[in-house]
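Here the structure comes first, spelled out in structure tokens, and everything after it is commentary.
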Amino acid sequence: MDVVKLQKQLVDYRASLYHEAFLDEQFTQLQELQDENNPDFVVEVVSLFFEDSERLLNELAKALEQQSIDFKRVDAHVHQLKGSSSSIGAQRVQKVCITFRNYCEEQNVEGCLKCLQQVKHEYSLVKTKLETMFKILAAGGSIPM
Amino acid sequence: MVLGKGASSSLSRKMVDGAEDMVSNCNDFTVLVVDDDPVIRKLHDMHLKKFGLSAQVVENGKTAVDLCHFGATFNLILMDKEMPIMDGVEATKELRAMGVNSLIVGVTSRDSQYETQAFMEAGLDFCFEKPLTADKISFILQELNKKN
């Protein structure tokens with residue numbers, strides 16, 4: 001395996017994620033926290049984000065299926081999703097959450113359902129992108145960030 | 001009740017739910033992270049590790065209040081605002097009412113100024129937007145140093 005090629009691939013791929021606003025500088029902060037004592041930190045935090053988000057998305061779907069929707073509950077879940085997505089730099093997910101919260105405040109069911117679809121979509125996009133990036137990393141071994 | 005700051009004994013105290021609270025000799029400060037989001041908890045914990053601090057982490061305001069009620073003391077408490085069971089505002093009020101003297105720093109998302117004000121009035125020393133960054137932590141530690 002040509003390490004130099006892989007390195008370039010990683011650098012380019014990562015740059016594209018920033019460029020397309022999938023990630024923002026918060027992700028850079030994550031990378032800066034990783035070191036030799038904590039070599040898997042980024043993967044760990046991102047995996048935690050995946051688990052947590054999937055749980056929240058399930059809860060959201062359930063809450064919005066109810067006959068009488070508890071908007072406070074929906075809002076609480078979206079708030080959490082917004083918080084965790086912003087903390088790893090998943091900008092697009094975070095942005096949808098902001099709109100989502102507005103619809104919750106207005107108790108707008110249709111708006112909420114639309115946002116749920118959108119947030120699911122953005123989440124699955126960023127998840128795929130990050131997983132791809134980790135694969136490139138894994139293939140090339142421990143390439144310094 | 002001991003409200004000592006910068007306590008530096010290596011005593012190990014058993015907490016109510018079995019969690020051990022070690023006040024270590026090597027660390028300067030004891031820190032409590034209160035947040036319902038596991039991603040944020042891990043992130044803040046790592047930020048603090050970088051400064052040589054190890055934090056206890058709890059999920060909501062009530063657990064934080066209980067810990068302090070049973071005698072745990074902390075130099076610094078990082079308090080999230082929106083949490084289930086007991087939120088940051090309520091928890092801060094209770095801690096201050098208990099006489100807790102720790103530096104309490106609120107951590108909020110980009111919400112209204114009114115909410116931040118209410119949070120500050122509950123007894124915070126500072127309030128920051130989440131997530132915390134290296135700069136903000138550095139600032140907080142400077143304040144901690146001044147206080148102790």
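Residue numbers start from 1 in every chain, and the chains themselves are labelled A, B, ... in the order their sequence lines are given, proteins ahead of strands.
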How many angstroms lie between CD in B:E82 and NZ in A:K82, if you round to the nearest 0.5 Å? 8.5 Å

Any non-hydrogen side-chain atom of B:L43 less than 4.5 Å from a side-chain atom of A:Q26? yes

Does B:V33 share a hydrophobic cluster with B:I40, counting links as ILVMFWY side-chain heavy atoms below 4.5 Å and allowing steps through other members? no

When every non-hydrogen atom of B:V39 is compared with those of A:I88, the smallest separation belongs to CG1-CG2, 3.8 Å

In Å, rounded to the nearest 0.5 Å, how long is the span from CG of A:N37 to NZ of B:K49? 9.5 Å

For A:E25, look at atom CD and say whether over 12 heavy atoms of other residues, nucleotides or ligands are found less than 6.0 Å away. no

Nearest heavy-atom pair of A:Q80 and B:P38: which atoms, and what distance? NE2-CD, 4.5 Å

Below 4.5 Å, heavy atoms only, C-beta onward: do A:D35 and B:K50 meet side chain to side chain? yes

Does A:Y103 share a hydrophobic cluster with A:V109, counting links as ILVMFWY side-chain heavy atoms below 4.5 Å and allowing steps through other members? no

Interatomic distance, A:Q29 atom CD to B:L132 atom CG [nearest 0.5 angstrom]: 10.0 Å

Could you see if B:L103 belongs to whatever hydrophobic cluster contains B:V57? Use Ile, Leu, Val, Met, Phe, Trp, Tyr and a side-chain cutoff under 4.5 Å. yes

Contact list (residues 57-77 of chain A to chain B, heavy-atom gap under 4.5 Å, by number) returns none

Side chain, backbone, both or neither: which part of B:D35 has an atom under 4.5 Å from a heavy atom of chain A? neither

Do A:V43 and B:M46 belong together in a cluster built from hydrophobic side chains that touch within less than 4.5 Å? yes

Between atom CZ of B:R41 and atom OG of A:S84, what is the distance when rounded to the nearest 0.5 Å? 11.5 Å

Take a 6.0 Å sphere around NZ of B:K136 and say whether it holds more than 12 heavy atoms from other residues, nucleotides or ligands. yes

Can you name the closest pair of heavy atoms from A:L33 and B:H47 and give their distance? CD2-ND1, 3.5 Å

Taking a hydrophobic cluster as the set of Ile, Leu, Val, Met, Phe, Trp and Tyr residues connected by side-chain heavy atoms closer than 4.5 Å, whether directly or through intermediates, do B:M98 and B:F119 fall within one such cluster? yes

Closest contact, heavy atoms only, B:P131 versus A:S87: CG-CA, 3.8 Å

